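Because the structure is a prediction, the values reported are computed rather than measured.
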Amino acid sequence: MEVSENILSTVSGKVVSVLCKENKYVYEWEPLIEIVTNDGSLEKIVSEVGGTVTTIFVLPGTTVKNGTNVACIDVSLVGIAAD
């Protein structure tokens, strides 16, 4: 059973780069998306969980608001080996 975690933008601005790819594993706190905010600073949106990226909802040039869903990560296999 797939358990998904949505990754939300924590800032408003324009996506300048997507640092992850669909179907690839990402680690907790790994940068996924870079956004230039409305005040001109560069912010990185990071994954709060480890897992496989299932969907990326933005491309470079996409304008996002704080709270926009930028990616989805399958976390269903995370923690199985730890038991």
Side-chain angles (χ1 to χ4, degrees):
M1 181 167 123
E2 183 177 305
V3 178
S4 296
E5 179 79 22
N6 290 322
I7 305 301
L8 306 179
S9 175
T10 54
V11 296
S12 296
K14 186 175 284 191
V15 175
V16 291
S17 62
V18 177
L19 306 172
C20 60
K21 294 185 180 193
E22 290 182 357
N23 301 313
K24 297 293 181 179
Y25 188 88
V26 293
Y27 295 94
E28 184 176 11
W29 306 116
E30 184 172 339
L32 304 177
I33 310 283
E34 290 182 318
I35 297 173
V36 171
T37 65
N38 296 333
D39 67 5
S41 63
L42 182 65
E43 297 288 333
K44 293 182 181 182
I45 307 304
V46 299
S47 175
E48 295 181 6
V49 295
T52 303
V53 177
T54 57
T55 310
I56 300 169
F57 297 110
V58 295
L59 296 169
T62 304
T63 300
V64 297
K65 293 182 180 179
N66 187 0
T68 300
N69 189 4
V70 295
C72 188
I73 296 178
D74 176 4
V75 296
S76 59
L77 298 177
V78 175
I80 291 176
D83 290 340

Enquirer: Return the OG1 to CD1 distance between Thr68 and Ile7, rounded to the nearest 0.5 Å.
Expert: 13.5 Å

Enquirer: In the single-linkage hydrophobic clustering (I, L, V, M, F, W, Y; side-chain heavy atoms under 4.5 Å), do Val75 and Val46 co-cluster?
Expert: no

Enquirer: Taking all non-hydrogen atoms of both residues, which atom of Ser47 and which atom of Ile73 are closest, and how far apart?
Expert: OG-CD1, 3.3 Å

Enquirer: Check whether any side-chain heavy atom of Leu42 lies under 4.5 Å from a side-chain heavy atom of Val36, and answer yes or no.
Expert: yes

Enquirer: Tell me the closest heavy-atom pair linking Ile56 and Glu22, and the distance in Å.
Expert: N-OE2, 3.0 Å

Enquirer: State whether the side chain of Ser12 and the backbone N or O of Asn66 hold a donor-acceptor pair below 3.5 Å, judged by distance alone.
Expert: yes

Enquirer: Looking at Leu8 and Asn69, what are the two nearest heavy atoms and their distance?
Expert: CD2-CA, 3.6 Å

Enquirer: If every non-hydrogen atom of Ile35 is compared with every non-hydrogen atom of Ile45, which pair is closest and at what distance?
Expert: CD1-CG1, 3.7 Å

Enquirer: Which atoms form the tightest heavy-atom contact between Tyr25 and Glu30, and what is the distance?
Expert: O-OE1, 4.5 Å

Enquirer: Within the distance-only criterion (no hydrogens, no angle test), does the side chain of Asp39 pair as donor or acceptor with the backbone N or O of Ser41 below 3.5 angstrom?
Expert: yes

Enquirer: How far apart are the closest heavy atoms of Glu34 and Ser17, and which atoms are they?
Expert: OE1-OG, 2.5 Å

Enquirer: Going by heavy atoms in the side chains, are Val16 and Pro60 under 4.5 Å from each other?
Expert: no

Enquirer: When clusters are formed by joining ILVMFWY residues with side-chain heavy atoms under 4.5 Å apart, either directly or through shared neighbours, do Leu19 and Phe57 land in the same one?
Expert: no

Enquirer: Look up atom OG1 in Thr55 and atom CG in Asn6, then write down how far apart they are to the nearest 0.5 Å.
Expert: 9.0 Å

Enquirer: What verdict does the side-chain contact (heavy atoms from CB on, under 4.5 Å) test give for Val49 and Glu28, after you've listed the backbone C-alpha separation in whole Å, the side-chain angles of each residue and the deciding distance to 0.1 Å?
Expert: CA-CA 4 Å; Val49 295; Glu28 184 176 11; 5.8 Å; no

Enquirer: Please walk me through it: do Glu43 and Thr37 pass side-chain hydrogen bond (donor to acceptor under 3.5 Å, both in side chains)?
Expert: CA-CA 7 Å; Glu43 297 288 333; Thr37 65; 5.7 Å; no

Enquirer: Test side-chain contact (heavy atoms from CB on, under 4.5 Å) on Val64 and Val58 and set out the steps.
Expert: CA-CA 8 Å; Val64 297; Val58 295; 3.9 Å; yes

